[in-house]
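These notes are about the structure you will find just below.
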Amino acid sequence: MAAPPPGHGTVSSADGVVAGAPRRWLILEGLVLLAGALIAFAALGQPWWLVPAAILAPDIAMTGYLAGTRPGAHLYNLTHATLWPAGMLGAGYWQANRLVMALALIWLAHIGLDRLLSTGLKYNDRFTHTHLGDRPDARQPDPDRQTAPT
């Protein structure tokens with residue numbers, strides 16, 4: 001079987017990875033999103049125990065990786081895009097539902113924290129390959145690592 005043409009079906013570690021100043025800006029945006037969401041949460045007057053209780057809920061989407069890297073990345077990216085919690089925040093505001101707004105803000109805080117920690121949106125080749133970098137997978141040998149002769 002012949003290899004696919006460049007750019008069709010394969011993604012290298014460096015493809016689509018943000019580096020340099022733009023990467024630092026995206027990380028700073030993550031910090032601002034995290035801080036802003038928590039400040040807005042505080043203004044709602046909701047109980048703070050909701051934050052630790054719900055902050056990791058979006059990571060349940062990682063279970064999509066049990067079906068493979070493609071569905072896993074798709075589900076993960078759906079739950080780690082700001083579109084859905086922003087819509088939820090707007091709906092909560094429209095309905096004057098403080099709990100819905102609080103949960104949306106926690107969701108946004110989670111996304112901000114992920115970006116701050118350089119955990120980006122996933123590519124479908126492996127879990128560790130994100131738009132903010134490629135973290136080495138401990139299960140795979142590092143081809144650049146030199147071992148001492150024995």
Side-chain angles (χ1 to χ4, degrees), residues 4 7-145:
H8 290 82
T10 59
V11 180
S12 78
S13 304
D15 284 345
V17 174
V18 179
R23 183 173 191 274
R24 289 189 294 275
W25 277 110
L26 288 172
I27 291 170
L28 179 61
E29 281 183 348
L31 175 64
V32 170
L33 181 58
L34 172 63
L38 290 177
I39 290 168
F41 178 89
L44 285 175
Q46 294 296 301
W48 278 97
W49 63 262
L50 277 176
V51 175
I55 193 85
L56 296 178
D59 284 339
I60 293 171
M62 285 189 280
T63 59
Y65 279 91
L66 295 173
T69 56
R70 184 175 299 252
H74 184 71
L75 184 59
Y76 184 91
N77 290 342
L78 279 173
T79 61
H80 285 80
T82 57
L83 174 68
W84 304 115
M88 183 176 165
L89 182 61
Y93 180 78
W94 182 55
Q95 294 292 320
N97 188 325
R98 290 176 160 308
L99 179 59
V100 170
M101 289 189 293
L103 292 173
L105 289 166
I106 294 169
W107 192 357
L108 287 167
H110 173 93
I111 294 169
L113 179 62
D114 274 4
R115 299 299 189 279
L116 178 63
L117 298 175
S118 297
T119 305
L121 299 172
K122 308 294 185 194
Y123 286 96
N124 62 13
D125 58 338
R126 64 188 170 283
F127 180 76
T128 58
H129 187 193
T130 76
H131 83 287
L132 292 176
D134 193 4
R135 295 180 179 212
D137 188 345
R139 294 173 293 165
Q140 296 180 7
D142 183 357
D144 297 330
R145 187 174 177 192

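Bear in mind that the values here come from a model prediction, so they are computed numbers and not experimental data. Just so you know, residue 1 is the first one in the sequence shown, and it goes up from there.
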Working to the nearest 0.5 angstrom, can you tell me the gap between Leu117 CG and Leu31 CG?
10.5 Å
Are Leu132 and Thr119 close enough that some pair of their side-chain heavy atoms sits under 4.5 Å apart?
no
Between Trp48 and Leu38, is a side-chain contact (heavy atoms from CB on, under 4.5 Å) present by the stated rule, with each step listed?
CA-CA 10 Å; Trp48 278 97; Leu38 290 177; 4.3 Å; yes
How many angstroms lie between NZ in Lys122 and NE2 in His129, if you round to the nearest 0.5 Å?
10.5 Å
To check you understand the geometry: which heavy-atom pair defines the closest contact between Tyr76 and Gly120, and what is its length?
CE2-O, 3.9 Å
Would you name the heavy atoms of Ala54 and Leu103 that are closest together and state the gap between them?
CB-CD2, 4.3 Å
To the nearest 0.5 Å, tell me how far Leu33 CG sits from Ile111 CD1.
7.0 Å
Take Thr128 and Tyr123 through the side-chain contact (heavy atoms from CB on, under 4.5 Å) test and state the conclusion after the steps.
CA-CA 8 Å; Thr128 58; Tyr123 286 96; over 6 Å; no
Flag for Asp114-His80: side-chain donor and acceptor within less than 3.5 Å
yes
Rounded to the nearest 0.5 Å, what's the gap from CG on Leu75 to CG on Leu66? Could you check?
10.5 Å
Smallest separation among heavy atoms of Arg115 and Ile27, with atom names
O-CG1, 3.7 Å
Using atom types as modelled and distance alone, determine if a side-chain donor or acceptor of Trp84 lies under 3.5 Å from a backbone N or O of Thr79.
no
Side chain His131, main chain Leu121, donor-acceptor under 3.5 Å
yes
Output yes when a side-chain donor or acceptor of Thr69 lies under 3.5 Å from a complementary backbone atom of Asn124, and no otherwise.
yes
side-chain contact (heavy atoms from CB on, under 4.5 Å) for Leu113 and His110? Distances and angles first, verdict last.
CA-CA 5 Å; Leu113 179 62; His110 173 93; 5.7 Å; no
Step by step, would you call Leu50 with Phe41 a side-chain contact (heavy atoms from CB on, under 4.5 Å)?
CA-CA 10 Å; Leu50 277 176; Phe41 178 89; 4.2 Å; yes
Distance-minimising heavy-atom pair for Pro85 and Ala104
O-CB, 3.4 Å
Run through Asn97, Leu105, Leu83, Val100 and flag the one making a side chain to side chain contact (heavy atoms under 4.5 Å, CB included) with Met88.
Val100
Rounded to the nearest 0.5 Å, how far apart are CG of Leu34 and CD of Glu29?
13.5 Å
Output the distance between atom OH (Tyr93) and atom CE (Met101), rounded to the nearest 0.5 Å.
8.0 Å
